[in-house]
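See structure below.
Quick note on labels: first sequence line is chain A, next is B, and so on, each numbered from 1.
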2 protein chains.
Amino acid sequence: MGGMATAERRAQPARVDATRNRERIIAAAREAFVEHGPTVPLDAIAHRAGVGNATLYRHFADRHELIHVVASYSLARLTEQAESALAEETDAFEALRRFVHRAADERVGALCSLLYEGFDKNDPHVMDARIRLEKVVTELMDNARESGQLRPDVGIGDLMVAITQLTRPVAGTACAHVERFMHRHLQLFLDGLRAPARSELCGTAVTFEDFEIK
Amino acid sequence: MGGMATAERRAQPARVDATRNRERIIAAAREAFVEHGPTVPLDAIAHRAGVGNATLYRHFADRHELIHVVASYSLARLTEQAESALAEETDAFEALRRFVHRAADERVGALCSLLYEGFDKNDPHVMDARIRLEKVVTELMDNARESGQLRPDVGIGDLMVAITQLTRPVAGTACAHVERFMHRHLQLFLDGLRAPARSELCGTAVTFEDFEIK
DNA sequence: CACGAAACGGAGAGAAGTTCTCCGTTTCGT
DNA sequence: ACGAAACGGAGAACTTCTCTCCGTTTCGTG
């Protein structure tokens with residue numbers, strides 16, 4: 001999906017143990033980033049993957065490259081979820097709801113920081129994925145709004161930030177059971193998004209740019 | 001409020017510059033913890049407070065003690081906010097709403113992690129403050145529920161976790177403008193909390209213990 | 001099955017960043 | 001104006017992470 005990782009540049013088709021380890025590392029990195037944030041020691045990731053640290057460095061030149069791969073992968077999955085929700089659900093609000101809960105399952109909240117710290121904003125693949133995601137989520141929201149089920153005073157940024165925040169590991173609890181709360185709280189939030197609005201919101205609708213550019 | 005900080009143990013009444021610096025350090029620590037989390041270098045806090053690092057160590061034996069003081073202070077303030085909301089607001093849901101937004105202003109989300117990392121759970125002062133907070137917030141919610149304005153399927157933990165999560169610094173954005181979103185999203189969440197419930201929630205109501213004990 | 005190429009793991013050197021103390025200087029209060 | 005108290009900066013000691021080196025193991029093929 002994402003970047004040109006070290007191993008992918010190779011001419012030869014790589015040994016099976018090499019590719020297996022590579023995937024283990026990516027999976028371990030994903031978990032570790034979710035639990036401990038983007039600065040988690042690379043040695044810890046290697047250990048978690050059950051490989052030596054040298055193996056990690058053999059596959060990924062540095063932390064940046066590893067983050068890039070993990071983040072690209074997650075972004076792509078998220079976009080796919082949005083697209084399938086849009087395509088498969090008949091009810092507009094239900095489509096939105098489905099996307100939100102799938103996004104939670106992808107742990108975007110925890111992985112979101114990676115999108116900033118490890119992302120080359122100029123990478124065309126990333127730009128593409130990002131624009132695609134914005135486009136499809138906007139469509140999800142527009143549909144819900146037009147069907148009269150979504151209150152009109154919220155923007156895509158409101159939704160994305162709320163998803164991000166509500167799906168992050170709960171501070172201090174070693175991330176043990178966010179899953180227990182996550183979906184409940186997103187559901188409550190979604191109930192607050194329904195039309196007719198039950199209160200007046202302060203501020204203005206949050207757009208994508210509001211939090212992209214720091 | 002909270003702990004027996006080093007300076008407070010002193011017999012003598014301390015010089016004015018000493019107490020001034022002490023407060024500067026606490027304020028700087030609060031800000032720094034909010035922005036960079038509980039592991040922010042102590043030297044950075046000292047610098048931010050405009051004092052030498054030795055001065056910080058003179059007032060607080062270690063990071064743990066500093067965190068304890070800051071967290072105790074915040075917890076006390078939060079409880080006060082809840083109590084005044086309960087006492088002064090006539091409408092039950094409005095009281096709850098007021099508490100939520102005041103809690104956001106106190107930046108509990110960002111400071112919450114301190115409650116875990118730096119807290120001596122056996123400290124009687126802390127226990128007291130905690131129980132007091134739980135008691136008054138429970139009362140706020142009970143009142144709102146009894147008045148028929150709060151959906152019955154949510155617990156105090158649902159509220160506290162959501163406040164915590166929604167008021168944390170947004171990942172990757174250097175914490176610049178959480179304030180812009182925070183109140184909007186809490187408001188949306190509160191709208192979702194109103195009775196009648198607009199959907200069925202998964203799981204069960206979250207209690208205080210669910211996230212206290214890891 | 002045996003051989004060469006490729007990959008692996010552990011240990012530790014090197015780099016970076018944090019903590020915390022020492023001590024000469026400044027400020028406060030009487 | 002004097003002594004006690006507090007201050008600040010510099011740097012030593014320590015911790016932590018990164019990343020390489022090299023002997024060993026695994027894979028794939030002839």
Check your understanding: What pattern of brackets, bars and dots sums up DNA chain C from 5' to 3', given Watson-Crick or G-U wobble pairs under 3.5 Å, [ ] for crossing pairs and | for another strand?
Key -> ||||||||||||||||||||||||||||||
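Using a 4.5 Å cut-off on side-chain heavy atoms (C-beta onward), Met141(A) and Val154(A) make contact. Within the 4.5 Å cutoff, side-chain heavy atoms of Gln81(A) are placed close to those of Glu106(A).
Mapping Val16(B) and Asp62(B) onto DNA chain C by nearest heavy atom places Asp62(B) closer to the 5' end of the strand.
Here the rule is side chain to side chain donor-acceptor pair (under 3.5 Å) with Asp105(A), and of His101(A), Arg107(A), Arg102(A) only Arg102(A) fits it.
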Point to revise | Sequence-aligned protein contact record of nucleotides 10-17 of chain D, with B where the base is within under 4.0 Å of a protein heavy atom and S where only the sugar-phosphate is | key: BB-----S
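Between Leu186(A) and Ala162(A), the closest heavy-atom pair is CD2-O, 4.5 Å.
Here Thr55(B) reaches the OP1 or OP2 of dG8(D): one of its side-chain N or O atoms lies under 4.0 Å away. In terms of phosphate contacts, His59(B) brings no side-chain nitrogen or oxygen within less than 4.0 Å of OP1 or OP2 of dA6(D).
Minimum atom distance to the side chain of Asp17(B) is reached by dC28(C), of the listed dT20(D), dC20(C), dC28(C).
Taking atom CD1 of Ile25(A) as the reference point, atom P of dC8(C) lies 7 Å away to the nearest angstrom. Atom CZ in Arg58(B) sits about 6 Å away from atom C1' in dA6(D), given to the nearest Å. Remark: C1' of dT18(D) and NE2 of His64(A) are 17 Å apart, rounded to the nearest angstrom. Remark: P of dC8(C) and CZ of Arg22(A) are 12 Å apart, rounded to the nearest angstrom. Computed from coordinates, the Glu65(A) CD to dT18(D) C1' distance equals 15 Å when rounded to whole Å. His47(B) places its NE2 atom 14 Å from the P atom of dT18(C), with the value rounded to the nearest Å. What separates CD1 of Ile67(A) from P of dT18(D) is a distance of 10 Å, to the nearest Å. Following rounding to the nearest Å, Leu56(A) (CG) and dC19(D) (C1') show an atom-to-atom distance of 11 Å.
In this structure, Arg151(A) contributes its side chain and Gly192(A) its backbone to a donor-acceptor pair below 3.5 Å.
Within a 6.0 Å sphere centred on CD of Glu200(A), other residues, nucleotides and ligands contribute 12 heavy atoms or fewer.
Salt-bridge check for Glu179(A) with Arg184(A): failed, with every basic side-chain N at 4.0 Å or more from each acidic carboxylate O.
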Practice item. In sequence, state the C-alpha distance, the side-chain angles, and the governing distance for Arg97(A) and Glu89(A), and then conclude on salt bridge (Lys or Arg N to Asp or Glu O under 4.0 Å). Key: CA-CA 10 Å; Arg97(A) 205 191 68 84; Glu89(A) 295 293 334; over 6 Å; no
Exercise for review: Start with the C-alpha gap between Arg77(B) and Glu80(B), add the side-chain angles, then the distance that decides, and say whether salt bridge (Lys or Arg N to Asp or Glu O under 4.0 Å) holds.
Suggested key: CA-CA 5 Å; Arg77(B) 294 249 305 177; Glu80(B) 282 166 31; 5.9 Å; no
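A donor-acceptor contact under 3.5 angstrom links the side-chain atoms of Arg15(A) to the base of dA6(C).
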